[in-house]
Asker: 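Have a look at this one.
Index from 1, following the sequence. Not measured: the values here are computed from a predicted model.
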Amino acid sequence: MGIAASLTGCDPSSAPLVQYSGGYQETETGQLLLWTGQPCTGVTDIEFELVNDDNELTTRWKLTSRKPAGGAVEEVVLGEPLPGFRVTERSDPDPDWRGFDTVRLLIKTQQGQSATYTKVDTFTDQLPDHSSDEYFVQDQGWYTKGDFADITDDEEVAPLCGRGTYAD
């Protein structure tokens, strides 16, 4: 591993240089919505994982594209059908995301994948203070879509399918 690190000039134990993020929001019906930060194309799979306080994966919900080339995604609601996708795994037919510690999301394409997460307590504690056009971005704060575009101009935050990912 040391040889590989010296050849590439990277420290494999260092944190990623860019945080890939999406924004979380609660829908009017109390469901969890994830916005990818910008459109993602060629998406083959979307996986939500709900993790309890003991860091155990307890609930998984997976969508798979109906087309081999994948589909387009910009928003997805946990537990709701998504046009062009089918549910291929569902460990709980009606997941109550509020009862978990962490929600993780993974988006896969034929070219690669990207992921994001949110700490449920942090999100729900701050939720009453924010409007329905704002999205919670873990470790960053609350942003409208326009404000989120502004923070992705720096070198530390990128949308899930943004620069430096498989979408480039």
Side-chain angles (χ1 to χ4, degrees), residues 4-5 8-27 31-51 55-91 95 97 100-120 122-123 134-168:
T8 62
C10 301
D11 177 2
S13 64
S14 67
L17 299 175
V18 176
Q19 174 186 336
Y20 298 103
S21 296
Y24 291 86
Q25 191 180 77
E26 184 178 29
T27 68
Q31 293 174 292
L32 185 65
L33 175 141
L34 174 92
W35 171 60
T36 61
Q38 70 180 34
C40 292
T41 57
V43 176
T44 57
D45 295 291
I46 302 166
E47 299 176 19
F48 276 97
E49 296 180 336
L50 303 173
V51 180
N55 202 30
E56 295 173 347
L57 171 65
T58 59
T59 300
R60 185 176 162 111
W61 186 66
K62 181 177 176 181
L63 299 169
T64 300
S65 175
R66 294 183 184 279
K67 298 179 181 179
V73 175
E74 189 168 0
E75 289 185 344
V76 61
V77 176
L78 175 63
E80 281 193 3
L82 185 64
F85 289 80
R86 67 183 184 283
V87 176
T88 53
E89 187 173 338
R90 182 179 226 154
S91 57
W97 60 274
F100 292 90
D101 179 68
T102 305
V103 176
R104 298 186 297 215
L105 177 101
L106 177 67
I107 294 182
K108 295 181 181 180
T109 72
Q110 292 178 340
Q111 294 79 32
Q113 61 188 21
S114 59
T116 187
Y117 75 98
T118 194
K119 299 298 275 180
V120 173
T122 305
F123 172 63
E134 292 178 290
Y135 296 82
F136 178 72
V137 179
Q138 184 67 42
D139 301 324
Q140 299 297 318
W142 290 82
Y143 298 93
T144 63
K145 289 182 177 182
D147 292 339
F148 184 77
D150 291 342
I151 71 163
T152 61
D153 287 340
D154 68 27
E155 297 299 315
E156 295 179 14
V157 179
L160 283 172
C161 301
R163 70 175 184 282
T165 67
Y166 59 85
D168 276 349

Asker: Taking atom types as modelled, find out whether Y135 and D147 have a side-chain donor-acceptor pair closer than 3.5 angstrom.
Answerer: no
Asker: Could you tell me whether K62 and E89 have a side-chain N and a carboxylate O separated by less than 4.0 Å?
Answerer: no
Asker: Is there a side chain to side chain contact (heavy atoms under 4.5 Å, CB included) between F85 and V76 once you walk through the steps?
Answerer: CA-CA 11 Å; F85 289 80; V76 61; over 6 Å; no
Asker: How many angstroms lie between OG1 in T36 and CD in E75, if you round to the nearest 0.5 Å?
Answerer: 8.0 Å
Asker: Ignoring hydrogens, what is the shortest heavy-atom contact between G23 and V137? Give both atom names and the distance.
Answerer: CA-CG2, 4.2 Å
Asker: Mind running side chain to side chain contact (heavy atoms under 4.5 Å, CB included) on E47 and L105 for me, showing each step along the way?
Answerer: CA-CA 6 Å; E47 299 176 19; L105 177 101; over 6 Å; no
Asker: For W35 and Q25: C-alpha separation, side-chain torsions, deciding distance, then whether side chain to side chain contact (heavy atoms under 4.5 Å, CB included) applies.
Answerer: CA-CA 8 Å; W35 171 60; Q25 191 180 77; over 6 Å; no
Asker: Determine, stepwise, if the pair D45 / L63 fulfils side chain to side chain contact (heavy atoms under 4.5 Å, CB included).
Answerer: CA-CA 6 Å; D45 295 291; L63 299 169; over 6 Å; no
Asker: Of all heavy-atom pairs between S65 and G71, which one has the smallest distance, and what is that distance?
Answerer: OG-N, 3.6 Å
Asker: Which value, rounded to the nearest 0.5 Å, describes the distance between D101 atom CG and T122 atom OG1?
Answerer: 8.5 Å
Asker: If you compare all heavy atoms of Q138 against all heavy atoms of K119, which two are closest, and at what distance to 0.1 Å?
Answerer: OE1-N, 2.8 Å
Asker: What heavy-atom pair brings R90 and G79 nearest, and what distance separates the two atoms?
Answerer: NH2-O, 2.8 Å
Asker: Would F123 and W142 count as a ring-ring contact (aromatic ring centres under 6.0 Å, His included) if you check the C-alpha gap in whole Å, the side-chain angles of each, and the deciding distance to 0.1 Å?
Answerer: CA-CA 9 Å; F123 172 63; W142 290 82; 5.6 Å; yes
Asker: Just how far is it from atom CG of L33 to atom CD of E80, taken to the nearest 0.5 Å?
Answerer: 8.5 Å
Asker: Supply the atom-to-atom distance K108 NZ to T44 OG1, rounded to the nearest 0.5 angstrom.
Answerer: 7.5 Å
Asker: Heavy-atom count check: over 12 atoms from other residues, nucleotides or ligands less than 6.0 Å from K145 NZ?
Answerer: yes
Asker: Do the non-hydrogen side-chain atoms of L34 and I46 ever get within less than 4.5 Å of each other?
Answerer: no
Asker: Say you draw a straight line from CG of D139 to OH of Y117; how long is it, rounded to the nearest 0.5 Å?
Answerer: 4.0 Å
Asker: Measuring from W61:CH2 to W97:CH2, what's the distance to the nearest 0.5 Å?
Answerer: 14.5 Å
